[in-house]
Amino acid sequence: MTDLSREDIARRAREMWEIAGRPEGRDEEFWFKAEEQVLGERETREKLQADPTTTKNSL
């Protein structure tokens, strides 16, 4: 598993928070959703780099 960058997660969480209208008291919710998304994107990128014949639809 790839280490996740706190900056990447924080950036994504802030984007999601702003899109949601900047609701108060939901910091952890946005953090965990962002962490999941960033991890998923990295795993997908690693799979594609390991086997370029893999298509996004086959992941």
Side-chain angles (χ1 to χ4, degrees):
M1 184 182 298
T2 304
D3 289 333
L4 298 178
S5 163
R6 289 184 60 81
E7 292 87 20
D8 291 341
I9 297 167
R11 188 176 310 115
R12 177 68 55 85
R14 181 167 180 96
E15 290 171 1
M16 294 168 59
W17 174 73
E18 288 180 352
I19 289 168
R22 299 180 176 188
E24 292 187 30
R26 294 174 54 193
D27 303 13
E28 287 185 359
E29 174 187 344
F30 288 105
W31 182 270
F32 292 127
K33 284 181 181 180
E35 187 175 46
E36 186 177 302
Q37 285 182 7
V38 171
L39 176 60
E41 290 168 1
R42 292 214 177 152
E43 288 176 349
T44 299
R45 189 168 37 254
E46 288 172 0
K47 287 178 185 178
L48 290 171
Q49 288 173 346
D51 182 5
T53 64
T54 301
T55 65
K56 292 180 182 180
N57 292 334
S58 66
L59 297 174

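Quick note: residue numbers are just sequence positions, from 1.
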* Asked: Can you list the residues that meet the salt bridge (charged side-chain N to carboxylate O under 4.0 Å, His left out) rule with E24, with sequence neighbours excluded?
  ->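 Result, salt bridge (charged side-chain N to carboxylate O under 4.0 Å, His left out) vs E24: none returned.
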* To do: Would you please name every residue forming a salt bridge (charged side-chain N to carboxylate O under 4.0 Å, His left out) with R6, sequence neighbours left out?
  =>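 None.
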* **Minimum-distance pair of heavy atoms, taken over all atoms of A34 and A13** =>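 Minimum heavy-atom separation between A34 and A13: CB-N, 3.4 Å.
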Which residues pass the side-chain contact (heavy atoms from CB on, under 4.5 Å) test with [X], sequence neighbours left out?
X   : answer
A20 : P23, F30
E7  : S5, R11
E36 : none
E41 : R12

* Asked: Going from CE on M16 to CZ on R26, what distance comes out if it is rounded to the nearest 0.5 angstrom?
  ->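 Going from the CE atom of M16 to the CZ atom of R26 covers 9.5 Å.
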* Asked: If you round to the nearest 0.5 Å, how far is CG of D27 from CZ of R14?
  ->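 Reported to 0.5 Å precision, the distance equals 11.0 Å.
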* Are V38 and W31 joined in one hydrophobic group, where the rule is that I, L, V, M, F, W and Y side chains link up if heavy atoms are under 4.5 Å apart? ->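 Result: yes, single cluster for both.
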* In this structure, are over 12 heavy atoms from other groups packed under 6.0 Å from E28 atom CD? ->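 At most 12 heavy atoms, drawn from other residues, nucleotides or ligands, come within 6.0 Å of this atom.
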